[in-house]
Participant: 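Provided herewith is a single structure, encoded as structure tokens, for subsequent inquiry.
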Amino acid sequence: MQGEGAEFKLLPEDFYLRDAARVAPELLGKVLVHETGAGRIAGTIVEAEAYLSRDDPGCHAARGKTKRNASMFFRGGRAYVYLIYGMYHCFNVVTGREGEGEAVLIRAAAPLEGVSLMAANRGRRDPRTLCSGPGRLCRAFGIDLALNGCSLREGPLFIAGGEKPSRIAVSPRIGLNRGREKLLRFYAAGSPYISRP
DNA sequence: GGTGGGATTAGCT
DNA sequence: GCTAATCCCACCA
């Protein structure tokens, strides 16, 4: 690693072709990279939630395929981006086989590269809250609906390898009305960049 | 330091 | 019409 010139190695496709509950904890420590016109933005994923295709009322795909969630049914390795509360985007990594409807919501990242771009996108500077939350992360990374459905192995938005955190913690998912009893939120224990302890 | 409410839009019922 | 996997600020203690 040499800071701004660091090389990133893409994850193999197989990584994504598994259950969301398996992929979610393994995404911790991986690096999310967005090559924008203004420069490269990168961060280490520290918090993720799994949304399952079966028996999961909290999952957007639970009530079938719609225009909005269509990209959630793609083959694993693509992005599912949607708008929430009219003003925030949420970024998900699609997992599993085509037609399955599983994904992992990326909730928080630790800033790694392009911190000044993130701060400009967000309109504030505190690095701890730059990407600590799904809506914040998307705004900091410049992720919007234009990236919905695109491959995470071809860029401009992609995920690269990284070091697994030493301690991974599990908890119920945040903000759900239904399906909140499942322990499908995974985060790097002790990281100051997660959205909630 | 903790909390309550407003912002704002797509899609479902 | 209402809900949705949210964020931020104003206001109170």
Side-chain angles (χ1 to χ4, degrees), chain A residues 16 19-25 27-28 32 41 43 45-74 76 78-96 100-111 115 117-150 152 157 159 169-188 191-197:
Chain A
Y16 300 102
D19 295 346
R22 292 280 303 277
V23 176
L27 276 172
L28 302 180
L32 178 64
I41 295 174
I45 297 169
V46 294
E47 183 177 344
E49 289 180 353
Y51 288 86
L52 312 180
S53 60
R54 295 187 168 282
D55 284 329
D56 186 2
C59 180
H60 281 177
R63 276 171 287 180
K65 192 168 170 177
T66 67
K67 197 173 176 183
R68 184 202 204 192
N69 69 17
S71 55
M72 206 176 187
F73 290 83
F74 286 166
R78 289 183 174 269
Y80 167 44
V81 181
Y82 66 91
L83 188 64
I84 188 79
Y85 301 117
M87 29 185 358
Y88 298 106
H89 296 282
C90 286
F91 167 64
N92 300 251
V93 176
V94 179
T95 69
E100 198 141 55
E102 291 204 338
V104 176
L105 171 68
I106 305 303
R107 288 192 54 91
V115 177
L117 291 174
M118 291 184 185
N121 288 343
R122 291 262 294 118
R124 54 203 70 235
R125 304 207 63 84
D126 180 1
R128 275 192 350 272
T129 54
L130 224 38
C131 313
S132 59
R136 290 171 179 170
L137 181 145
C138 283
R139 189 162 293 182
F141 274 78
I143 295 172
D144 61 19
L145 290 176
L147 292 163
N148 187 29
C150 79
L152 295 172
L157 183 67
I159 296 178
V170 184
S171 83
R173 292 172 293 181
I174 292 176
L176 298 194
N177 286 310
R178 291 184 292 264
R180 66 179 65 160
E181 71 289 346
K182 296 174 189 292
L183 297 176
L184 290 174
R185 172 177 176 247
F186 306 89
Y187 60 96
S191 168
Y193 300 104
I194 57 179
S195 69
R196 272 199 49 178

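Because only heavy atoms are used, hydrogens play no part in the values below, and waters and symmetry mates are left out as well, while side chains stay in. By convention in this document, chain letters (A, B, ...) are assigned in the order of the sequence lines, proteins followed by strands, and residues within each chain are numbered from 1.
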Participant: In which ranges does DNA chain B form stems of 3 or more consecutive Watson-Crick or G-U pairs, distances under 3.5 Å?
Facilitator: B:1-7 with C:6-12, B:9-12 with C:1-4

Participant: Whole angstroms only, please: what is the CG-C1' distance between Leu137(A) and dT6(C)?
Facilitator: 13 Å

Participant: For a side chain to side chain contact (heavy atoms under 4.5 Å, CB included) with Arg107(A), tell me which candidate from Ile45(A), Ile194(A), Ile174(A) qualifies.
Facilitator: Ile174(A)

Participant: Indicate the atoms forming the closest heavy-atom contact of Leu105(A) with Tyr51(A), along with that distance.
Facilitator: CB-CE1, 3.8 Å

Participant: How close or far is atom P of dA7(B) from atom NE2 of His89(A), stated in whole angstroms?
Facilitator: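 His89(A) atom NE2 is separated from dA7(B) atom P by 19 Å.
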
Participant: How is Arg122(A) classified with respect to the nucleic acid when contacts are heavy atoms under 4.0 Å: base, sugar-phosphate, or nothing?
Facilitator: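 The answer is sugar-phosphate, as Arg122(A) gets under 4.0 Å only of primed atoms, P, OP1 or OP2.
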
Participant: Indicate for each nucleotide in nucleotides 8-13 of chain B, in 5' to 3' sequence, whether protein heavy atoms under 4.0 Å reach the base (B), only the sugar-phosphate (S), or nothing (-).
Facilitator: BB-SSS

Participant: Record whether the side chain of Tyr82(A) comes under 3.5 Å of the base of dA5(C) through a donor-acceptor pair of N or O atoms.
Facilitator: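 Flag set: donor-acceptor pair detected.
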
Participant: Cation-pi between Arg78(A) and Tyr80(A): NZ/CZ under 6.0 Å from ring centre and within 45° of the ring axis?
Facilitator: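 Here Arg78(A) fails the 6.0 Å and 45° test against Tyr80(A).
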
Participant: Quick one: Phe91(A) CZ to dT6(C) P, roughly how many Å, whole number?
Facilitator: 16 Å

Participant: Indicate whether any N or O donor in one side chain lies under 3.5 Å from an N or O acceptor in the other, for Ser132(A) and Arg136(A).
Facilitator: yes

Participant: Is there a side-chain contact between Arg180(A) and the phosphate of dA5(C), meaning an N or O under 4.0 Å from OP1 or OP2?
Facilitator: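 No.
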
Participant: So, does Arg178(A) use its side chain to make a donor-acceptor pair with the main chain of Gly58(A) at under 3.5 Å?
Facilitator: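 Not confirmed, Arg178(A) side chain does not pair with Gly58(A) backbone.
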
Participant: Once you round it to whole Å, what is the distance between P of dA5(C) and CD of Glu181(A)?
Facilitator: 14 Å

Participant: Of the candidate nucleotides dC7(C), dA5(C), dC9(C), which contains the atom at the shortest distance from the side chain of Arg124(A)?
Facilitator: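 Nearest nucleotide to the side chain: dC9(C).
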
Participant: Can you find a donor-acceptor N/O pair under 3.5 angstrom joining the side chain of His60(A) to the base of dA4(C)?
Facilitator: no

Participant: When we call it a touch if two heavy atoms are under 4.0 Å apart, what does Arg107(A) touch: a base, just sugar-phosphate, or nothing?
Facilitator: sugar-phosphate

Participant: If the threshold is 4.0 Å, N to carboxylate O, is there a salt bridge linking Arg54(A) and Asp19(A)?
Facilitator: no

Participant: Are Glu49(A) and Phe186(A) close enough that some pair of their side-chain heavy atoms sits under 4.5 Å apart?
Facilitator: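 No, every pair of side-chain atoms sits at 4.5 Å or beyond.
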
Participant: Touch check for Gly58(A), heavy atoms < 4.0 angstrom, all strands: base, sugar-phosphate only, or nothing?
Facilitator: base

Participant: Test Leu157(A) against every option in Ile143(A), Val81(A), Ile41(A) by the side chain to side chain contact (heavy atoms under 4.5 Å, CB included) rule and name the one that passes.
Facilitator: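 Result for side chain to side chain contact (heavy atoms under 4.5 Å, CB included) with Leu157(A): Ile143(A).
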
Participant: Looking at Asn177(A), does any N or O in its side chain come under 4.0 Å of the phosphate oxygens OP1/OP2 on dT3(C)?
Facilitator: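 Checking Asn177(A) against dT3(C): no side-chain N or O falls below 4.0 Å of OP1 or OP2.
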
